[in-house]
Amino acid sequence: MKIGFIGTGSMGRTLVEAFIHAQTFLPSEIVISNRTQKTADQLAAAYPGIQVAHNNLELVQQVSCFFICVKPGEFRQVFEDILPGIKADQLAISITSPVMLEDLEKWLPCKVAKIIPSITNQVLCGSSLYIPGSRITPKEEQWLHQLLSTISNPLKVDERHTRISSDLASCAPAFLANILEQMVEAAVKKTGIPPETAAPLVAQMALGVGKLLTEGGFSLHSLQQRVSVPGGITAEGLELLEQELSPAFDKLFHITHAKYEEDVEKVKRSLQYRSI
Ligand SMILES: NC(=O)c1ccc[n+]([C@@H]2O[C@H](COP(=O)([O-])OP(=O)(O)OC[C@H]3O[C@@H](n4cnc5c(N)ncnc54)[C@H](OP(=O)(O)O)[C@@H]3O)[C@@H](O)[C@H]2O)c1
């Protein structure tokens with residue numbers, strides 16, 4: 001089976017590399033295309049065997065399943081490129097949340113699904129979200145689940161919950177890294193500890209916390225209870241975080257949802273009129 005990736009920017013490249021490292025696909029089973037071909041050529045040079053298609057149409061004519069890894073405003077061009085080559089039994093997988101399944105199905109006369117990968121999939125960790133389209137059979141859904149499980153923990157979500165699930169699985173690595181960075185900066189400012197000592201401390205701590213929560217039998221709550229002694233230093237710190245962080249997260253989700261709704265509207269408008 002040949003698998004395609006349209007768009008080899010940050011996330012397209014991450015997915016290609018993750019599937020190769022997980023041995024889901026051999027490089028020779030992968031076909032890629034990118035608007036600027038040099039970027040695709042560089043990825044192919046790193047993994048001999050990957051085939052670079054000269055354009056998106058050439059790519060879809062060679063694969064049974066392909067990922068669309070471009071930004072929301074770039075979808076229309078991709079649709080117009082590939083439409084003449086699409087076959088009903090092909091599977092098109094979009095990795096972009098504001099492009100609705102309804103629009104994917106309107107434009108593409110094939111099976112479609114939406115997935116939301118995460119940068120954590122680069123190290124074959126973290127979640128991926130998937131939302132199968134209406135033309136996908138239970139067997140194909142099972143195949144998609146299995147495919148994603150080679151690089152992540154797949155979770156089927158309702159399209160209505162795409163934004164919040166993406167915030168938690170896909171944006172949160174950046175949010176968490178920001179919180180940890182601010183923690184390191186405050187530690188450096190307060191005590192003069194060298195950043196190169198403090199940064200690995202929080203990185204190893206985050207790795208350990210992830211393991212405790214996924215393999216160590218802890219919940220978010222029980223972990224806090226276990227570390228803090230009533231009246232102790234950690235308990236004081238937790239009290240402060242409750243007060244300060246909770247309103248920040250309310251605002252954060254307000255912002256991500258407002259931006260999402262704006263993007264959905266923009267994409268709907270850009271996909272409205274079929275020129276072909
Ligand atoms: N980054 C994340 O962690 C993450 C996680 C989940 C989902 N996503 C979603 O993934 C999508 C892509 O994000 P990204 O960070 O990978 O963006 P990116 O780095 O800008 O990559 C987009 C790629 O698409 C290529 N492209 C644009 N139009 C094209 C066309 N008509 N035909 C072929 N290739 C085309 C671009 O080529 P050029 O080289 O010419 O610019 C670029 O390499 C976004 O919608 C984002 O929301 C991202």
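Worth saying up front: this structure is predicted, and the values here are computed from it rather than measured. For ligands, and for the atoms within them, numbers begin at 1 and follow the listed sequence.
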S.K.: Can you report which non-hydrogen protein atom sits closest to atom 14 (P) of ligand 1, along with the distance?
M.R.: Met11 N, 3.9 Å

S.K.: Going by distance only, is there an N or O of Asp81 that falls short of 3.5 Å from an N or O of ligand 1?
M.R.: no

S.K.: Are Lys2 and Phe25 close enough that some pair of their side-chain heavy atoms sits under 4.5 Å apart?
M.R.: no

S.K.: Within a strict 4.5 Å, meaning less than it, do heavy atoms of the His21 and Ile151 side chains meet?
M.R.: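 In short, these two side chains do not touch, never coming nearer than 4.5 Å.
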
S.K.: Does an N or O from Gln77, backbone or side chain, lie closer than 3.5 Å to an N or O of ligand 1?
M.R.: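 No, no N or O pair falls under 3.5 Å.
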
S.K.: What protein heavy atom lies closest to atom 25 (C) of ligand 1? Include the residue and the distance to one decimal.
M.R.: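 For atom 25 (C) of ligand 1, the nearest protein heavy atom is Asn34 OD1, 3.2 Å.
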
S.K.: Atom 24 (O) of ligand 1: which protein heavy atom is closest, and how many Å away?
M.R.: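 Checking every protein heavy atom, the shortest distance to atom 24 (O) of ligand 1 gives Val70 CG1, 3.5 Å.
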
S.K.: Answer whether the closest heavy-atom distance between the side chains of Ile3 and Val63 falls below 4.5 Å.
M.R.: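 No, every pair of side-chain atoms sits at 4.5 Å or beyond.
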
S.K.: When you look at NZ of Lys87, are more than 12 heavy atoms from neighbouring residues, nucleotides or ligands closer to it than 6.0 Å?
M.R.: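 More than 12 heavy atoms, drawn from other residues, nucleotides or ligands, come within 6.0 Å of this atom.
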
S.K.: Less than 4.0 Å between atom 46 (C) of ligand 1 and some protein heavy atom, yes or no?
M.R.: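 Neighbour list for atom 46 (C) of ligand 1 is empty of protein heavy atoms (cut-off 4.0 Å).
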
S.K.: Heavy-atom distance under 4.5 Å between the side chains of Val112 and Trp107, does that happen here?
M.R.: no

S.K.: State plainly whether the residues Lys189 and Glu185 are in salt-bridge range, i.e. N to O under 4.0 Å.
M.R.: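 No, no charged N to carboxylate O under 4.0 Å.
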
S.K.: Return the closest protein heavy atom for atom 10 (O) of ligand 1 as residue, atom name and distance.
M.R.: Ile95 CD1, 3.2 Å

S.K.: Is any NZ, NE, NH1 or NH2 atom of the basic residue among Glu141 and Lys156 found under 4.0 Å from an Asp or Glu carboxylate oxygen of the other?
M.R.: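 A salt bridge links Glu141 with Lys156.
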
S.K.: List every atom of ligand 1 that sits less than 4.0 Å from any heavy atom of Cys69, numbering the atoms from 1 in the order shown and giving each element.
M.R.: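 Ligand 1 atoms under the 4.0 Å threshold to Cys69: 12 (C), 22 (C), 23 (C), 24 (O).
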
S.K.: Using the six-membered ring wherever Trp is involved, compare the ring planes of His145 and Tyr130 and label them parallel, tilted or perpendicular (cut-offs 30° and 60°).
M.R.: perpendicular

S.K.: Less than 3.5 Å between some nitrogen or oxygen of Val78 and one of ligand 1, yes or no?
M.R.: no

S.K.: For atom 15 (O) of ligand 1, find the nearest protein heavy atom and state the residue, atom name and distance (0.1 Å precision).
M.R.: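 Atom 15 (O) of ligand 1 sits closest to the protein heavy atom Ser10 CB, 3.6 Å.
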
S.K.: Distance under 4.0 Å to a non-hydrogen atom of Thr36: what atoms of ligand 1 satisfy this?
M.R.: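 Atoms satisfying the 4.0 Å criterion: 38 (P), 39 (O), 40 (O).
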
S.K.: Which atoms from ligand 1 have a heavy atom of Asn56 less than 4.0 Å away?
M.R.: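 Those atoms are 30 (C), 31 (N), 32 (N), 33 (C).
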
S.K.: Atom CG in Asp81, atom CD in Glu58: separation rounded to 0.5 Å?
M.R.: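 Spacing of CG (Asp81) from CD (Glu58) equals 12.0 Å.
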
S.K.: Which residue owns the protein heavy atom closest to atom 33 (C) of ligand 1, what's the atom, and how far is it?
M.R.: Arg35 N, 3.2 Å

S.K.: Can you list the atoms of ligand 1 that are under 4.0 Å from a heavy atom of Thr96?
M.R.: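 Reading through ligand 1 atom by atom, the close ones are 11 (C), 44 (C), 45 (O).
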
S.K.: What is the closest protein heavy atom to atom 21 (O) of ligand 1, and at what distance does it sit?
M.R.: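 Looking at atom 21 (O) of ligand 1, the protein heavy atom closest to it is Gly9 CA, 3.3 Å.
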
S.K.: Are any of the N/O atoms on Lys71, whether in the backbone or the side chain, positioned under 3.5 angstrom from an N/O atom of ligand 1?
M.R.: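 Right, the criterion is met.
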
S.K.: Any N/O of Ser170 closer than 3.5 Å to an N/O of ligand 1?
M.R.: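 Ser170 vs ligand 1: no N/O contact under 3.5 Å.
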
S.K.: Mark up the atoms of ligand 1 that fall under 4.0 Å of a heavy atom belonging to Thr39, in ascending order.
M.R.: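 Matching atoms, with element in brackets: 39 (O).
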
S.K.: Does the Gln90 side chain pair with the main chain of Val60, one donor and one acceptor, at a distance under 3.5 Å?
M.R.: yes

S.K.: Report, as yes or no, whether the 6.0 Å neighbourhood of atom CD on Gln224 holds more than 12 heavy atoms from other residues, nucleotides or ligands.
M.R.: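 Yes, the 6.0 Å shell around CD holds more than 12 heavy atoms from other groups.
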
